[in-house]
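Notes for the one structure printed next.
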2 protein chains.
Amino acid sequence: MQQPRGTRVRGTRQAEALAAALASLPGFCSAQEIHAELRRRGEHVGLTTVYRHLQVLSEQGSVDMIRDASGETLYRQCATTVHHHHLTCRSCGRSVEVEGRVVEQWAEKVAAEAGFTSVDHTVELFGLCPVCSGG
Amino acid sequence: MQQPRGTRVRGTRQAEALAAALASLPGFCSAQEIHAELRRRGEHVGLTTVYRHLQVLSEQGSVDMIRDASGETLYRQCATTVHHHHLTCRSCGRSVEVEGRVVEQWAEKVAAEAGFTSVDHTVELFGLCPVCSGG
DNA sequence: CTGATAATGGAAACGATTATCATCTTATCC
DNA sequence: GGATAAGATGATAATCGTTTCCATTATCAG
Ligand SMILES: [Zn+2]
Ligand SMILES: [Zn+2]
Ligand SMILES: [Zn+2]
Ligand SMILES: [Zn+2]
């Protein structure tokens, strides 16, 4: 296995366990929930390590990061790595990936008209999923 | 003076001072920045009281509330009370109120297609204002 | 004035996240 | 194999914005 000399990315038991947990979780979860899920699976991974890996993964774009109403950070490994947004259930965290060309265009137009530069956008939808709606 | 019996809303020196400060601040500020601004004006208002009033005002819709990249809550008294979003300067906090019919429609459509109910949206734009862009 | 009710604010508590740092793993070289 | 150095881990402590406590103060009706 060729590695760029001195960089070992993943391969540790903890990283594998975290990757597996992320892959199996269907919605956005907090670091602490993910930590609890790992424990539930019998994997012992320190909370600090969970935070550390989530940070790296989110910087890489491997996991998405949003903030819930209380300000807590939630993480999820999405199916796609191209730019998208989410429609997330407030109750269970389950999330649908959505893309919105019109939103991207709107954001660019608004930014240009106001003369702002380096503009990025936060667009998140929160609601109750069909299951949690109790239908 | 007719008051609904037992409800005294505003009128205290602290509430007035806070209202004045909010009216004069041109952009989004944290509770602590507002607290500092009050002190700068010679008004002594406890930090707890600042938080308390900001919470009430935001529940009433009198002030808008957003979260910056670090998760800190920022407040601003906007010119309008109708639904809108913001294009905010990451550097100085100055903010432009923007409305986007297409975004509202997009959000509704996405929510309906996924079968979610009680959907609301968070849409914020952050960039560098013309001044802070250093043009 | 007097008791009742509301508002204030300093201090302590909270909770998610981050920084420390001693220990454990892993890989490489002899 | 074993020595050694770099990297990763995780229990603990520290951070920091925010909230809760609660004793004190302000306001008002009667
Ligand atoms: Zn749900
Ligand atoms: Zn987008
Ligand atoms: Zn606004
Ligand atoms: Zn909107």
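Naming: A, B, ... by sequence-line order, numbering from 1 per chain. Computed from heavy atoms alone, side chains included, the values below leave out hydrogens, waters and symmetry copies.
- Side-chain contact between R39(A) and I34(A): absent, with no pair of heavy atoms (C-beta onward) separated by less than 4.5 Å.
- Distance L54(B) CG to dG9(C) P: 13 Å, rounded to the nearest Å.
- Put simply, the side chain of M65(B) does not reach to within 4.5 Å of the side chain of E59(B), judged on heavy atoms.
- Within the structure, a side-chain polar atom (N or O) of T12(A) is placed less than 4.0 Å from OP1 or OP2 of dT9(D).
- Spacing between atom CZ of R52(B) and atom C1' of dG17(D) amounts to 16 Å, rounded to whole angstrom units.
- If you measure from atom CD1 of I66(A) to atom C1' of dA16(C), you get 16 Å, rounded to the nearest angstrom.
- Remark: Y51(B) is in phosphate contact with dT18(D), judged by side-chain N or O atoms under 4.0 Å from OP1 or OP2.
- Considering CG of L74(A) and CG of L25(A), their distance stands at 11.5 Å, rounded to 0.5 Å.
- Under the 4.5 Å side-chain heavy-atom criterion for Ile, Leu, Val, Met, Phe, Trp and Tyr, V123(A) and L87(B) are members of the same hydrophobic cluster.
- Put simply, CD on E16(A) is 14 Å from C1' on dA8(D), counting in whole angstrom units.
- To the nearest angstrom, C1' of dA8(D) lies 14 Å from CG of L18(A).
- In this model, the phosphate group of dT18(D) is approached by a side-chain N or O of T73(B) to a distance below 4.0 Å at OP1 or OP2.
- Rounded to a whole Å, the CD atom of Q55(B) is 15 Å from the C1' atom of dA7(C).
- The shortest distance between the side-chain N/O atoms of Q14(A) and the OP1/OP2 oxygens of dA8(D) is not below 4.0 Å.
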Identify all side-chain donor-acceptor contacts of residues 124-135 of chain A below 3.5 Å with residues at least two apart in sequence or on another chain.
| residue | atom | partner | partner atom | Å |
| --- | --- | --- | --- | --- |
| E124(A) | OE1 | H86(A) | ND1 | 3.4 |
| S133(A) | OG | L128(A) | O | 3.2 |
| S133(A) | OG | C129(A) | O | 2.9 |
| S133(A) | OG | T117(B) | OG1 | 2.7 |

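- Within residues 20-49 of chain A, the residues having any heavy atom under 4.0 Å from DNA chain C are, by residue number, Q32(A), T48(A).
- Sorted pairs that involve residues 87-110 of chain A and meet ring pair (Phe, Tyr, Trp, His ring centres under 6.0 Å), not counting sequence neighbours, are lacking altogether.
- No hydrogens or angles were tested; on distance alone, nothing pairs the side chain of R67(B) with the base of dG17(D) as donor and acceptor under 3.5 Å.
- Proximity of Q14(B) to E43(B): side-chain heavy atoms (C-beta onward) are nowhere separated by under 4.5 Å.
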